[in-house]
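As structure tokens, the structure follows; a few thoughts come after it.
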Amino acid sequence: MLQFYNTLTRRREVFKPIENGTVRLYSCGLTVYDYAHIGNLRAYVFVDLLRRWLEYRGFNVQHVMNLTDVDDKTIRGMKEEGVPLKQYTEKYITAFFEDLELLNIKKAKILPKATEHIEEMVKLIEILLQKGYAYHSDDGSIYYDISKFKNYGELSKMKIEELKAGARVKVDEYGKNEARDFALWRAWDPDDGDVFWETRLGKGRPGWHIECSAMSMKYLGTTMDIHTGGVDNIFPHHENELAQSEAATGERFVNQWLHNEHLVIKGERMGKSLKNFYTLKDLMQKNHDPIAVRFLLLSTYYRKQLHFTFEGLEAAENGLQRLRDFMQRLNETASKTPRQKMEGDWIRQRVQETKNDFEKAMDDDLDVSRALAAVFNLVRDVNRVIDSKSLTDADAELVRTLMNEIERILGVLYEKELVLEEPSVEVRKLVLKREEARQMKDWKVADTIRKRLLKMGFIVEDTPQGPRLRRKRQQ
RNA sequence: GCCGGGGUGGCCGAACGGUUCAGGCGACAGCCUGCAGAGCUGUUCUAUGUGGGUUCAAUUCCCAUCCCCGGCUCCA
């Protein structure tokens with residue numbers, strides 16, 4: 001029974017899509033004003049896991065993820081660099097897509113950009129004006145009147161009266177009636193330069209929240225099954241999205257809200273303003289495999305803060321290596337001789353148990369830690385059988401089939417060749433020389449070469465199938 | 001102040017009323033190996049923030065208390 005924790009109700013609920021067999025999934029994407037750091041990327045790894053699990057469970061997932069390519073920060077950045085907005089954001093979109101690729105994240109089927117959906121937003125704002133949920137300010141901007149929407153605060157559990165008390169923004173700053181009213185449309189300001197659209201609402205640009213309402217409803221309809229984002233989006237972004245959308249349509253906007261927790265570093269949230277972040281490429285420069293980063297981000301329950309440390313990353317790398325080594329052993333060491341014992345039935349049973357445990361854990365709000373425990377238990381048990389030299393090809397095939405099914409969800413077992421550079425010719429020559437020495441049992445020479453390779457950053461491991469190279473990591 | 005989420009072994013992390021409290025990483029030892037690595041076995045492991053309560057039984061439920069992180073219009 002597939003269940004998810006719903007932020008709206010604050011409890012776990014059995015998942016039931018609106019349309020049988022189809023899931024309408026909307027994810028809040030990145031604001032493309034800078035490179036994504038691994039904290040940002042956690043959100044997308046989480047969505048990827050969610051999507052893969054839904055697909056594993058047989059759903060056709062209609063996945064939409066927006067790209068915010070116009071807002072205060074993109075405009076500021078564009079001006080600083082003195083390039084057109086599109087040129088400025090395109091750079092970060094490309095980099096973002098590269099990161100997704102490196103992390104083996106399946107891209108959403110539709111990736112709408114805010115700047116390409118101005119008309120949809122204008123229409124939505126017109127409806128809100130018409131229905132009396134929005135008003136014009138003196139400068140021509142349009143604001144949403146939160147006091148008109150009776151369920152305001154439903155998602156974040158905040159009360160309007162308390163919002164007023166805690167307001168950090170001066171009431172008169174933008175000519176809003178209420179500090180907590182938010183912009184649907186911003187009238188053009190000289191600071192915006194040439195970033196504006198001439199629309200029925202006047203010359204200006206959209207507010208931050210309206211794009212997600214307009215685009216999600218365009219591609220997924222007025223009600224969607226799942227909406228995801230980081231916990232920081234609960235308020236104000238998603239609260240406002242909900243208010244706008246439901247005020248406009250009179251219908252439930254989202255059935256299940258799923259929010260991932262933050263990445264924490266040295267006791268503080270990883271964030272751009274604190275400058276305590278790493279990008280994926282920062283880590284790759286330290287010889288970390290991006291897929292290990294995926295594994296790290298993946299292997300903690302998405303609703304728990306994840307404390308990022310290099311020790312943790314290494315632990316993830318080593319755990320992942322264990323799984324990869326296992327796959328290799330599975331391929332290499334199956335014996336051809338059938339044995340007397342009843343291993344086959346036992347293996348079959350263990351494979352089935354593992355599959356059940358894995359599925360049960362994942363169905364329970366994507367409890368990956370528990371799901372992985374089931375996998376590691378199988379790995380240990382099968383390794384034992386391999387050690388006793390009684391694993392048959394048929395056994396190996398059973399296990400391999402399961403592992404490959406699980407790999408559809410995890411996406412971590414097979415290293416991407418292109419990611420880390422190939423060892424140089426010199427390195428490969430040394431490995432060959434060492435093998436020659438080993439053949440002649442000249443251990444002194446062999447060990448000297450091994451030490452030399454280590455200094456060059458490579459670890460050599462001797463396996464029955466010959467030497468294997470691993471790259472030494474640097475801090 | 002208001003609203004969330006947490007505190008489990010050296011570290012990370014499950015379980016959330018009941019067989020010895022999963023699993024991973026690390027360290028140490030043994031088997032194996034030319035040595036190492038990988039793998040297996042064992043040890044570290046009489047681990048559930050603190051104090052009460054409910055119960056035959058609590059990590060799990062209740063009350064109190066301490067501490068940590070996040071949100072309260074830039075933020076995944």
Side-chain angles (χ1 to χ4, degrees), chain A residues 7 10 27-31 33-34 36-47 71-73 76 153 156-159 161-163 165-169 176 179-183 207-209 228-237 239-240 259-264 267-274 296 299-301 303-307 309 311-323 325-326 328-329 333 357 361 367-377 379-380 382-388 438 441-444 446-447 450 459-464 467-468 470:
Chain A
T7 308
R10 303 287 153 109
S27 308
C28 269
L30 198 68
T31 301
Y33 72 102
D34 198 355
H37 60 247
I38 53 173
N40 300 123
L41 294 171
R42 182 187 192 188
Y44 309 112
V45 170
F46 153 61
V47 173
D71 79 322
D72 290 351
K73 280 178 291 189
R76 196 199 313 138
S156 59
K157 315 294 174 207
M158 290 192 180
K159 297 185 176 65
E161 313 82 67
E162 283 159 6
L163 292 181
R168 293 199 299 206
V169 175
K176 306 183 204 180
R180 294 293 162 150
D181 287 351
F182 58 90
W208 172 35
H209 316 293
T228 70
V231 285
D232 53 295
N233 277 329
I234 296 171
F235 190 88
H237 187 48
E239 189 70 60
N240 291 346
H259 292 98
N260 63 279
E261 257 297 349
H262 286 138
L263 212 59
V264 174
E268 279 179 312
R269 169 183 171 182
M270 185 177 282
K272 285 185 181 135
S273 49
L274 287 167
L296 173 69
S299 48
T300 296
Y301 179 43
R303 289 205 313 118
K304 270 197 106 170
Q305 287 174 346
L306 173 55
H307 293 259
T309 59
E311 292 72 33
L313 178 56
E314 256 176 69
E317 273 160 352
N318 293 339
L320 177 56
Q321 193 58 47
R322 182 168 158 83
L323 294 178
D325 285 345
F326 175 69
Q328 205 164 341
R329 277 194 105 193
T333 62
D357 290 349
D367 191 347
V368 207
S369 312
R370 189 154 43 113
L372 284 173
V375 176
F376 277 107
N377 277 328
V379 168
R380 194 213 321 106
V382 173
N383 265 327
R384 231 182 326 219
V385 177
I386 292 173
D387 278 356
S388 72
R438 287 188 70 238
K441 303 212 186 291
D442 188 348
W443 310 125
K444 222 178 142 187
D447 288 351
R450 186 159 61 190
I459 298 163
V460 200
E461 290 172 3
D462 298 319
T463 73
R468 197 161 79 203
R470 260 174 46 195

Qualifying residues under side chain to side chain donor-acceptor pair (under 3.5 Å), relative to A:E261, sequence neighbours excluded: none

A:H262: side-chain contact (heavy atoms from CB on, under 4.5 Å) partners, not counting sequence neighbours: A:V231, A:D232, A:R269

Partner residues of A:A374 under the side-chain contact (heavy atoms from CB on, under 4.5 Å) criterion, sequence neighbours left out: A:T354, A:D357

With sequence neighbours excluded, residues passing salt bridge (charged side-chain N to carboxylate O under 4.0 Å, His left out) with A:R384: A:D381

Results of side chain to side chain donor-acceptor pair (under 3.5 Å) for A:N377 - residues two or more places apart only: A:R380

Sugar-phosphate, base or nothing in reach of A:G229, heavy atoms under 4.0 Å: sugar-phosphate

Secondary-structure stems, RNA chain B, at least 3 Watson-Crick or G-U base pairs under 3.5 Å: B:1-7 with B:66-72, B:10-12 with B:23-25, B:26-31 with B:39-44, B:49-53 with B:61-65

Touch class at under 4.0 angstrom, heavy-atom based, for A:I386 against every strand present: nothing

Partners meeting side chain to side chain donor-acceptor pair (under 3.5 Å) with A:D442 (sequence neighbours left out): none

Distance, P atom - from B:rU41 to B:rG23, rounded to whole angstrom: 11 Å

Sequence-distant partners of A:A446, side-chain contact (heavy atoms from CB on, under 4.5 Å), two or more places apart: A:R434, A:A437, A:R438

Per-nucleotide protein contact string for nucleotides 16-21 of chain B, where B marks a base within reach and S marks sugar-phosphate only (heavy atoms under 4.0 Å, - for neither): ------

Sugar-phosphate only, base, or nothing, as touched by A:N240 at under 4.0 Å among non-hydrogen atoms: nothing

Pairing residues for A:D367 by the salt bridge (charged side-chain N to carboxylate O under 4.0 Å, His left out) criterion, not counting sequence neighbours: A:R370

Residues forming a side-chain contact (heavy atoms from CB on, under 4.5 Å) with A:R303, sequence neighbours excluded: A:Y5, A:Y301, A:D365

Nucleotide-resolved protein contact map, nucleotides 30-42 of chain B, B/S/- at heavy-atom distance under 4.0 Å: ----BBBBSBSS-

